[in-house]
Amino acid sequence: MAARSEHLHTAAAFCAFSLLFCAVSSFPLAPEGKRQTKCGYESCPVTKPGLLNVHLVPHTHDDVGWLKTVDQYFYGDRNDIQHAGVQYILDSVVDQLLKNPDRRFIYVETSFFFRWWKQQGEEMRNTVRMLVNQGRLEFVNGGWCMSDEAATHYSSVIDQMTLGLRFLNETFGECGRPRVAWHIDPFGHAREHASMFAQMGYDGLFFGRVDYQDRDQRQKSLDQELLWRASDSLTPPMADLFTGILPNGYNPPEGFCWDQSCDDAPIRDDPDLEDYNVDDVVQRFLAIAHAQANVYKTNHIIMTMGSDFQYENANLWYKNLDKLILYVNRRQSNGSNVNLLYSTPSCYLQELHRANQTWALKTDDFFPYADDAHDFWTGYFTSRPALKRYERFSNALLQTCNQLEVLGGPVSRNGPFGKGDTLTMRKSMAVAQHHDAVSGTSKQHVANDYARRLATGWNTCQVVVSNSLSALSGSAAPRVYCDLLNISVCSFTEASPEFTVTIFNPLGRPVLWPVRLPVNGTQYSVSGPDGNHVDSQVVPVSGSTHDVRRGRGFAVNELVFEVQAPPLGFSSYYVSQSQERTGTKTGPESRPKTGLTQGSLQIENKFLRATFDPDTGLLTGLMNLETKQKIDLTQNFYWYNASDGNSSDSNQPSGAYIFRPNSSTPFVISKTAKTQLIQTSVMQELRQVFSPWVSQVVRLYSGSRALELEWTIGPVPIDDDLGKEVITRLDTNIKSGGVFYTDSNGRELLRRRKDFRPTWDLKQSEPIAGNYYPINSRAFIMDEENQLTVVTDRSQGGSSIQNGSLEIMLHRRLLYDDVRGVAEPLNETSVLFPDGLVVRGSLLLSLDPPKSAADKHRPLGQETVLQPLLSFTKGKPEASAELTFSGLQAALPPAVHLLTLSQWDSDSVLLRLEHQFQSWESQSNSQPVTINLQKLFSTLTVLGFSELNLSANQWKEDMKRFDWTPKTEEKPVQKTFVDPSFWEVTLRPMEIRTFLLRVRL
Ligand SMILES: [Zn+2]
């Protein structure tokens, strides 16, 4: 990114605040690498137009944790688990690249490269800079990791890409900017990922895994390379991305693996020695090359010469590749039309672009992924549900931490509570996006390591939050955080007769939020920031909460009240225990109140009514009291029996990746639930116990427009030796006709139809698993009148198997490994839960007319992702303390989401504003909306700004991507929209705009 007049970034200014990488990089944003700089497309090898050009791409695939932790992989520790050491790979590759200027290598995972670079001396760094500047070492993808595509939220993907690409930018300048996205291993591909990559400026995407039936058909129609239109709302070609499916996953062709981890024969080219094999090798290679060329369109083909953690001894690979190129190309003099060359994915892409072909246009996604008839990789959509929730919750903490670092100013990083930073959490979250991390497909000890990193990140972030809140409120009172409020554990509130709770709201709009605090008293009084009394109630802690606490908390009651927090700001509430008067009615009517006198059981507020069957205790209906619409709705819990691999049609068991139920009919856990009704002025809830390991609270707070289903599941019993995939199913009278909708990475919704794929003929072989899709943040079913939307609190898998029905997989406990490498059954236990993990979460249900449903579920989804952060101080707030604060001059319009606000360097912050509606989903909100950047913040003065690409590693005006022609229509022409004035920026449906603001606090 070249420096511009508006922002001249220097390392000096950057490092003064030690915000990011300056400890390892002391280079200006654009290093003086101009000398012999010929990187990127300009450094590509020469090809031969009339021949079949085979682009050999030496590469290594380095998982950011999987069978070993990320640090174990870096050092090559625990080689007893898997032989893999990334530091040696980079050492060895650099050494080998220097031996022959034709050789090329690509590197992908910046978290590893960063670790390695930090340990290199100046001489080695200069050597590596030279290799990068000459295009011999090329970064592709370049994020901190190669993210999972099913279970990741777009906000965290953008963050992890930004982190990795920023390091490359600051270390290598323009020659370090990757041109190609490289997602060779993720298990299915999300449309939103392609959309993000396009907006990050990538010219193309390559991946390895695609459904086997899809691949077969694409091979026949020569459509393994295509143009992916990844948004139905953004104007083409904004979200158009050229996409290539690699020929052999990401492995070399059969028989041509020359890594130390492979057994293929080396090229034995001395005729005087035994076993001369050059002719045989060349023959075999030519056969493979011709076969591959038959299923691709152009006279260029790509071969991935490498695999997992290969090139630790790069000499083996390069020595043989040098010979392969020599001997195959030598045949050209005898009429062979095959030309081999060292290449990179971007050089291959450039040749495809030059070929000037038309490409199939794809508008759906690549989920679910199956590699055989009974092998659907749809289990990992839910695997490790507790880690998936912790990761999602940690994102809220990180965004809050980033925002408060900006709002509190420099004192946030070094203030009354010590030194804190946001970088630790950014890195922890970035690592957690890896395709074996949040996906739930790592070994148990590695999953523990991901969680530990998040906890460490949170510890350093807490200092930033405390310092910042102290500066903004004017009170330096020590602050306490309670991480276990979901199971009613907080020793501070349990023991304190009076305290102040501060609610920080990271959203750009005010929020009404229910607070539940574990307490031991029976009566409390709560007052808001204006001193006014706030309605509160004390209710007993539920039995299942008692069960899951396992000695970590002893509160008998919960204090419940609703709070309001201003946009990008906080409000403080004072809580004090009241004297209990005897003889008068205190507290809520918390005795099991049946309501049976009316022959019905129900909970309601002014927006919704949920009814239950008094005999079974199950839900029977949901009514929207504002619109007067009503549906029949029953809900229950079931489990599929996970296949153990012993069946007549396939020996594939269910495992961390794969979902394979033994039967299409799930077992009901219980046909009835024992219930307890609690009705108070603040909330009403029906507590349901289905079995010793399944319970639920169905809840309505007085101000909520969504019905909460808070489920608690576990320990999933396995004493019957049966693996279990636990689902909840909502059965309604909505006429959904086999159609349902699921979101892509928390953004756009995609239409799903049972037993159907939009771009190819599906032969369905798994009636349940083959219909599962990732539900990242929401799913819905609808007919003309009613739309039932479910907002989830983490990524899960789900489907609609029957009309009117929606099922979501909540927990899995399995007894067999599914033979995809992890080599452990997904059977989660822990020190506190040796008998199996207990997991709690919630689903939020809303019922609306389809044409206005998005107006509810879009904000609801953001509130769930970016939930407020609670912190506590002792006693009454100091008289001088500010009890309410907003960082914005006014709430953002409903269509606009504040996606990113984080410190960039000493005098600038990164801002991302997002239009959160699709173009078709809302009459009132699917319209362009304009924001004035100068009038945005209340305490930050914006002096100037520049616009960046989505990953903040290129100025928007410099972003020029390859254009491609779809088969079926004209080449889309890049449209430029003009903003109304200098300070006013317009967002169109689903658009995210990224700005670097120069600010003064
Ligand atoms: Zn991988």
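What you are looking at is a predicted structure, and each value in this text was computed from that prediction instead of being measured. Indexing begins at 1, ligand by ligand and atom by atom, following the structure's order. Index from 1, following the sequence.
One finds a salt bridge joining Arg752 and Asp365 here, because a Lys/Arg side-chain nitrogen approaches an Asp/Glu carboxylate oxygen to under 4.0 Å. A salt bridge links Asp240 and Arg229; the closest N-O separation between the charged side-chain nitrogens and carboxylate oxygens is under 4.0 Å.
Rounding to the nearest 10°, we obtain 100° for the angle at the Zn ion (ligand 1) between Asp185 OD2 and His61 NE2.
Its N, O or S atom nearest to the Zn ion (ligand 1) is what matters here, and for Asp63 that atom is OD1.
No more than 12 heavy-atom neighbours from other residues, nucleotides or ligands sit within 6.0 angstrom of OH on Tyr75.
At least one N, O or S atom of His435 sits under 2.8 Å from the Zn ion (ligand 1).
Side chains of Arg384 and Gln444: a donor-acceptor N/O pair is present below 3.5 angstrom, by distance only.
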